[in-house]
Engineer: 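Input: one structure, supplied below.
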Amino acid sequence: MKQGRITKVSGPLVMAEGLDDAKMFDVVRVGEQRLIGEIIEIKSGVASIQVYEETAGLSPGAPVESTGNPLSVELAPGMIEGIFDGIQRPLNLIRDKVGDFITRGVEVPALDTEKKWAFEPVAKVGDTVIGGDILGVVKETVLVDHRIMVPHGIEGKVVRIHSGEATIVDTIAEIETRDGVKEIQMLQKWPVRKIRPYKEKLPPVQAMTTGQRVIDMFFPVAKGGVACIPGPFGSGKTVIQHQLAKWADAEIVVYIGCGERGNEMTDVLMEFPELVDPKSGEPLMKRTVLIANTSNMPVAAREASIYTGITIAEYFRDMGYRVALMADSTSRWAEALREMSGRLEEMPGEEGYPAYLTSRIAEFYERAGRVICAGSDDREGAVTAVGAVSPPGGDLSEPVTQGTLRVVKVFWALDASLAYSRHFPAIHWLTSYSLYLDTLEEWLEENVDKEWGSVRSEAMRLLQLESELQEIVRLVGIDALSIKDRLILEVAKSIREDFLHQNAFHEVDTYASLKKQFEMLKTILVFYHEAEKVMEAGASFKDIEVHPVRERISRMKYLKEEEMDKIEAVKEEVKSELEKLVAEGGGLNA
């Protein structure tokens, strides 16, 4: 290990000389307390180090030691149910060792190297294997089979394979390669800034269902897709991410708290272990990895937490799992980049952010995707990345939001006015969008209903018309509208309140299948078409507006999935009840 000396300390940035053999992104140990840092710039023999721990007390002349290795994560059984900080230190072990507050320089193993796991071999002696092939399986939790893979770069014949209990550092297989026999452990290490390889990237043609109506029906995200949730404080970003973690069509959840307020991160740490996985009835933590980084931790660690999380997600993707990655919030990471860039005296970009902000954001999101995994069995895996953005004051024109929008394909715009009026999810239907619609429409029409595209388009058209009509109402009053326009306002109101509004804390309304979502929206549109028809035949708009069938439409959201036939009954009731208005000679159509 090469040793040098500190020449300057500037907050989380430390300058050091004497690390002549060090390379970019090498991990270093700083000072007598051996604080963890990473080299981010080398210029004229001086290494700039971002330190992932508090640097108070460091002074010029203190020792700096390079490990010669890049910042890496340990990948092995023991990660699921784990709660780690940004550099993969388990917070429960830190608490056991030093108490409730993280002490500087504390060293704890990322994963337990003494615990024995039951390893069941899949490969046999004599098999020829390549990097990514599955050697065996460990039952990590009741929900997750941890597939032990051949490390990338190793290819050869299996000459020995273990069966039974073993620790993650025991040899579980020996592979004869051209360079000799390689001993394989369950534990692998991978540099966090390096993308894990795969065989082929697949197009985003399958929807990742979330059970949230405004998302699935109006702005769907693809498996392996990328989405962002920008919104001001209190608009519901965290609740939406909790809902996605719980209900999304994913087998593994990686949740990254990146620089969030301590109380918000505490809520996550307290709530996630209590959440029940609706698919299995087991605790959601049985298929979750948490990365906890709060705003009072050193800013440099925010960048590490983002890369640590995406690398863990890629690892489970390589096993053939569908992974949902939640990053809350990338704005805090961008603020850390801005601070480090300023201390490096780099030329600032817009609002002081570094000029390379958008490229860093792109590097993160491009690691998502649906892929054919490395290996010889062509298994398929996916990482779907959803990043929350916290623009100051809800200003979506600021650089982090705009840089994210250049990269992601789905934009769920949270609106403060909706949140204040208690409309949740507060995703605004006129400012949000999904660029996956064209590729997903065929899949949705094939797997949900062939009318999916037309029903969605008509509902969006009515919401757009409502916005235009409301402007007229504000200017000259509702009496200026025709009866047909007033009907559009009523139907759009029904779409907003009876369909788009969803209660995350209601045991039934919290989730809706794609089929239920479609049938609910179709019923509202049937009401619209039938109302138009009977009004032309002489029925009164006032009778339609207050008709009891509208109450039954509003209560469709509380029908259970097994009660889908009742939604169909409501649809038939709409037709028959409105037709009665004509038979009864309902009014003067005014």
Side-chain angles (χ1 to χ4, degrees), residues 83 86 208-216 219-221 223 225-278 284-285 287-295 302 305-306 308-310 312-313 322-334 364-365 368 383-391 394 400-401 404 408-415 418-419 424-428 432 434 502-505 510-511:
I83 301 174
M208 184 184 83
T209 58
T210 66
Q212 311 309 299
R213 292 188 287 270
V214 65
I215 292 175
D216 291 344
F219 312 109
V221 63
K223 284 177 186 171
V226 289
C228 76
I229 315 175
F233 176 75
S235 57
K237 295 186 295 294
T238 303
V239 172
I240 289 176
Q241 289 199 315
H242 285 198
Q243 284 292 89
L244 295 179
K246 185 174 181 179
W247 293 105
D249 180 22
E251 296 155 310
I252 304 290
V253 176
V254 179
Y255 190 99
I256 308 168
C258 179
E260 278 303 285
R261 295 172 180 84
N263 60 333
E264 289 193 18
M265 205 63 236
T266 300
D267 285 344
V268 172
L269 298 179
M270 298 295 286
E271 288 175 14
F272 262 62
E274 295 180 5
L275 287 177
V276 175
D277 176 26
L284 187 64
M285 282 298 292
R287 57 183 181 92
T288 300
V289 181
L290 287 180
I291 312 291
N293 173 263
T294 61
S295 54
R302 298 177 191 176
S305 66
I306 286 285
T308 296
I310 192 69
I312 291 172
R322 300 185 305 275
V323 184
L325 177 120
M326 312 293 162
D328 187 11
S329 111
T330 55
S331 291
R332 311 281 180 249
W333 166 41
F364 167 68
Y365 281 109
V383 173
T384 306
V386 179
V389 183
S390 307
V400 182
T401 306
T404 304
V408 301
K409 297 282 188 75
V410 178
F411 175 60
W412 296 321
L414 294 176
D415 188 85
L418 287 177
F424 292 106
I427 296 173
H428 202 286
S432 303
S434 171
Q502 192 166 358
N503 186 349
F505 301 100
T510 184
Y511 173 87

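Residues: numbered from 1 along the sequence shown. As the structure is a prediction and not an experimental result, all values here were calculated from the model.
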Engineer: I need the minimum non-hydrogen distance between Val221 and Val226, along with the two atoms involved.
Structural biologist: CG2-N, 4.3 Å

Engineer: Counting distance only, does the side-chain N/O of Ser432 pair as donor-acceptor with the main-chain N or O of Trp412 below 3.5 Å?
Structural biologist: no

Engineer: Check whether Thr401 reaches the backbone of Pro391 with its side chain - one donor and one acceptor, N or O, closer than 3.5 Å.
Structural biologist: no

Engineer: Shortest non-hydrogen contact from Tyr365 to Gly387?
Structural biologist: OH-CA, 3.4 Å

Engineer: If you look at every heavy atom in Ala426 and Ala419, which pair is closest and at what distance?
Structural biologist: CB-N, 3.9 Å

Engineer: Just verifying a value: how many Å separate Ile240 CD1 and Thr210 OG1, rounded to the nearest 0.5 Å?
Structural biologist: 9.5 Å

Engineer: If we ignore hydrogens and angles and just use 3.5 Å, is the side chain of Arg322 paired with the main-chain N or O of Thr384 as donor and acceptor?
Structural biologist: no

Engineer: Check the orientation of Trp247 and Tyr511. Use parallel for under 30°, tilted for 30 to 60°, and perpendicular for over 60°.
Structural biologist: parallel

Engineer: Report the C-alpha distance between Lys223 and Asp249 in whole Å, list the side-chain angles of each, state the deciding distance to 0.1 Å, and finish with yes or no for salt bridge (Lys or Arg N to Asp or Glu O under 4.0 Å).
Structural biologist: CA-CA 9 Å; Lys223 284 177 186 171; Asp249 180 22; 3.1 Å; yes

Engineer: Would you indicate whether the side-chain heavy atoms of Phe411 and Phe219 approach each other to under 4.5 Å?
Structural biologist: no

Engineer: Go through Gln502 and Gln212 one step at a time and tell me if the side chain to side chain contact (heavy atoms under 4.5 Å, CB included) criterion holds.
Structural biologist: CA-CA 8 Å; Gln502 192 166 358; Gln212 311 309 299; 3.9 Å; yes

Engineer: Start with the C-alpha gap between Arg287 and Leu284, add the side-chain angles, then the distance that decides, and say whether side chain to side chain contact (heavy atoms under 4.5 Å, CB included) holds.
Structural biologist: CA-CA 6 Å; Arg287 57 183 181 92; Leu284 187 64; 3.4 Å; yes

Engineer: Using atom types as modelled and distance alone, determine if a side-chain donor or acceptor of Thr510 lies under 3.5 Å from a backbone N or O of Ala504.
Structural biologist: yes

Engineer: Give me the atom names and distance for the closest heavy-atom approach of Gly309 to Ile256.
Structural biologist: CA-CD1, 3.6 Å

Engineer: Is it true that a side-chain atom of Thr209 and a backbone atom of Gly211 form a donor plus acceptor pair closer than 3.5 Å?
Structural biologist: no

Engineer: Can you list the steps and then say if Ile310 with Leu325 is a side chain to side chain contact (heavy atoms under 4.5 Å, CB included)?
Structural biologist: CA-CA 7 Å; Ile310 192 69; Leu325 177 120; 4.3 Å; yes

Engineer: Which heavy atom of Arg332 sits nearest a heavy atom of Arg302, and at what distance?
Structural biologist: O-NH1, 3.1 Å

Engineer: Would you indicate whether the side-chain heavy atoms of Val323 and Ile312 approach each other to under 4.5 Å?
Structural biologist: no

Engineer: Determine whether Phe424 and Val239 make a side-chain contact, defined as any pair of heavy atoms from C-beta on separated by less than 4.5 Å.
Structural biologist: no

Engineer: Sub-3.5 Å donor-acceptor pair from the side chain of Lys237 to the main-chain atoms of Gly231, do we have one?
Structural biologist: yes

Engineer: Tell me the closest heavy-atom pair linking Ala334 and Val400, and the distance in Å.
Structural biologist: CB-CG2, 3.5 Å

